[in-house]
Amino acid sequence: MWFLCVFYHRLLDYRRPEVESLAELFGAFGGDDGGEESPSTRSLEWKLPENHHIDSPFHFVSLPSEEIARSIANRSILVKGFYELWGQGSSYEELEKAIKDFPDERKLPYLTSDSTFRITVDSFGKVISLQEQNERIQGLTYIPFKGRVDLRKPEHRFWLIETDDYGSNNGLPPVVQRTIFFGREVGAADRKLLPTYQLKSRRYLGPTAMDAEMAFLMANQGLAQPGKVVYDPFVGTGSILVAAAHFGAMTMGADIDIRVVRDGRGPNCNVWSNFEQYNLPMPLSLLRADNNLPPWRSGLKEVFDAIICDPPYGVRAGGRKSGGRKLLRGTVGPYTVPEEKRLDHIPSTAPYSLAECMHDLLDLSAKMLVMGGRLVFFFPVVREDGLTNAQFPEHPCFTLIASCEQILSLRYSRYLLTMVKTGAYTEEIKESARRKHLEFKENHLKWLEDGNLHSAVFSPADSQEALGAKSKFDRDSKPKYRGKYV
Amino acid sequence: MRLLTHNMLSCNIKGVANGFPLRLEAEKWVEKEVELNADFLRHIFPKIEWKALAGAARAVGYCELPEEADAAMLDSEDFLRRFHHALLEIHVEEGALFCPETGRRFSITKGIPNMLLREDEV
């Protein structure tokens, strides 16, 4: 069953993957064991309207039922609505013909005299005045509406959506020709939850709190739902877990920084209070722990349904791991904490390189996720000449199913990676991960001296300056179309 | 810290072979009602080290768990309720966890266990 899917013109790279994730969540692929295909290869069939660019807000998607489409739209952050398309055309004459040709048995049930309806005129790329909107609606009299108009709570909502080639593209995707869609709304997103959860109303915030929209997208990519356990090893102020908890998941979080997980800014301003504020169930647990040396018992595996996180990668907050002093002073013998100071001792921490952090995250996830469980995390990349050439981390247990870029600046961008656990965590994988872990530990001092430990990805400011000078020069040649910037 | 968390944690000091289960000494704990999700309980049951859970529950004065448990018992409403209560409804606010091998103390403050190791332990 084909639906017209209209997206918000935001986070373009994230839109189709979100729908695919929610399709999985709502059983579009035949539930957990019904489908023949493995979870990693399941994907929906998409089409674009003729002459539309991939970044257009208008897409067609095939879904098994209207009910599934409605569930997806209602939970989604980036879908403005799914519509049963009654007609489309490059002119109003063409639209009329298409709507008249649309079978009566599909139309008449929604036009009965005892029903209520409303028609909304919408546009992409320009504003249609109220008067013009009314004229457009009047022009639809060839559709035999018998019901009563109800603008507040209609049973059936119809949409007339127009888009055109307006000459200059003004940062919008190039539309080659005028297209008018008319359809019946099947489901629409509830973006009201975004103002509810917006960060400025959040009681306890850190410098890297995830904004609400992105946190909900991440929770959707991680298929957060009741009865599932979501873990964030870099929990910070809990912004990602808040989104997962909103969707009913049970949450667990850990962080190496005690100030973040425990003290907060007073008794009613900490990670716990962020859940309380929205009447969400408290996390199953919060821990102070190091992702480099996780405190899980050795036999424990396959307990989390999703691991969703924003690893510290050194742009706004650098990663830290246990054992700083000992490693730094490795040559003068290991540092021992004197007996009398042990109780209140605050352990020092060492910089945590991106490469090591990724290794630990993938290894931990491979072990702790259930089969089919999802790992969702941000991965930073450097952009050069406006292009991103990203090499994503790989792991034998995981299949990458989505990589969504968000451009942060001329120089940086970040990818939200979604991986599915498709392979068992075997003894061999465990052993090679252990060796790698030791290798990181041994070479720590050397890499630190080489100066490339703190940030394996981001080079220091000098190269930035060079690039800055060049990009100033290039600025005029930058294409007007902003694409992924929105 | 709920007893579910206790059941997952161990002492990971370098060289420690048997860091599990950590001995729980609770100074302050509270009981908070949590909605029972039977599917979750059935799903998590095989991952639980039962003896450790029963022991930790005893440490906070809850002695209603049997010494041994097997998956067949999950059909009993009464068992599920007890399991649920022990696993999720008891929150240790203040106290400590002790490594069974080295006696190392991990404090629990405001419900959060501090599992971070000192630099001479990693």
Side-chain angles (χ1 to χ4, degrees), chain A residues 226-229 248 250 252-258 261-264 267 270-272 281-290 292-303 305 321-329 334-337 341-350 368 370 441, chain B residues 1-14 16-22 30 32-49 52 87-89 91-93 96-97 99-100 104-122:
Chain A
K228 303 285 180 191
V229 185
M250 287 182 271
M252 286 180 86
D255 207 294
I256 194 166
D257 188 346
I258 195 70
V261 287
R262 195 181 71 198
D263 297 345
N270 50 41
V271 182
W272 302 113
M282 290 292 162
L284 285 180
S285 71
L286 294 175
L287 304 174
R288 185 187 189 195
D290 181 359
N292 188 238
L293 290 162
W296 310 117
R297 70 174 144 88
S298 56
L300 190 69
K301 57 176 189 177
E302 303 191 353
V303 281
D305 297 286
K321 63 169 186 170
S322 314
R325 208 177 310 195
K326 181 186 172 190
L327 292 164
L328 292 178
R329 294 186 182 173
Y335 174 77
T336 313
V337 183
K341 291 187 179 158
R342 292 200 161 194
L343 198 59
D344 295 326
H345 176 71
I346 298 170
S348 62
T349 53
M368 299 294 274
V370 299
K441 244 172 123 172
Chain B
M1 184 200 72
R2 304 187 217 209
L3 300 191
L4 168 65
T5 314
H6 168 266
N7 209 270
M8 296 168 71
L9 295 176
S10 73
C11 169
N12 60 349
I13 293 177
K14 195 178 177 184
V16 167
N18 290 307
F20 182 85
L22 296 161
V30 290
K32 289 185 207 153
E33 205 177 308
V34 175
E35 204 182 321
L36 189 144
N37 182 331
D39 286 340
F40 169 73
L41 293 174
R42 288 192 190 100
H43 161 78
I44 201 78
F45 178 79
K47 321 280 181 196
I48 296 294
E49 284 284 338
L87 199 67
L88 298 173
E89 294 189 320
H91 299 245
V92 179
E93 300 269 325
L97 298 165
C99 168
R104 159 72 145 100
R105 180 180 191 274
F106 297 94
S107 63
I108 305 167
T109 325
K110 293 177 193 161
I112 299 176
N114 181 354
M115 302 307 293
L116 200 63
L117 299 179
R118 290 192 303 266
E119 46 276 59
D120 55 349
E121 293 169 330
V122 300

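Heavy-atom basis, side chains included; hydrogens, waters and symmetry copies ignored. Proteins get letters first, then strands, A, B, ... in listed order; numbering begins at 1 in each.
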[X] [atom1] to [Y] [atom2] distance, which is reported to the nearest 0.5 Å:
| X | Y | atom1 | atom2 | result |
| --- | --- | --- | --- | --- |
| B/Leu116 | A/Leu287 | CG | CG | 11.0 Å |
| B/Met115 | A/Ile256 | CE | CD1 | 13.5 Å |
| B/His91 | A/Leu284 | NE2 | CG | 9.0 Å |
| B/Leu3 | A/Ser285 | CG | OG | 11.5 Å |
| A/Arg297 | B/Met8 | CZ | CE | 8.0 Å |

Next on the checklist: For B/Ser10, give me all partners under side-chain hydrogen bond (donor to acceptor under 3.5 Å, both in side chains), at least two apart in sequence or on another chain.
Outcome noted: none
Checklist entry - So which of A/Ser298, A/Pro294, A/Gly299 has the biggest tally of heavy-atom pairs under 4.5 Å with chain B? => result A/Pro294
Item to check | Over 12 foreign heavy atoms within 6.0 Å of NZ, A/Lys301 | outcome: no
Is [X] close to chain B through its backbone or its side chain, or both, or neither, when contacts mean heavy atoms under 4.5 Å?
| X | result |
| --- | --- |
| A/Pro281 | neither |
| A/Leu300 | side chain |
| A/Met252 | side chain |

Checklist entry - Side chain, backbone, both or neither: which part of B/Leu4 has an atom under 4.5 Å from a heavy atom of chain A? => result side chain
Checklist entry - What part of B/Ile48 gets closer than 4.5 Å to chain A, counting heavy atoms only: side chain, backbone, both or neither? => result backbone
Hey, can you pull the donor-acceptor pairs under 3.5 Å for the side chains in residues 34-45 of chain B, sequence neighbours left out?
residue: B/Asn37; atom: OD1; partner: B/Asp39; partner atom: N; Å: 3.1
residue: B/Asn37; atom: OD1; partner: B/Phe40; partner atom: N; Å: 3.0

Checklist entry - With chain A, which of B/Thr5, B/Leu87, B/Ile108 has the greatest number of heavy-atom pairs at distances under 4.5 Å? => result B/Thr5
Checklist entry - Quick one: does A/Trp272's side chain get under 4.5 Å of B/Ile112's, heavy atoms only? => result yes
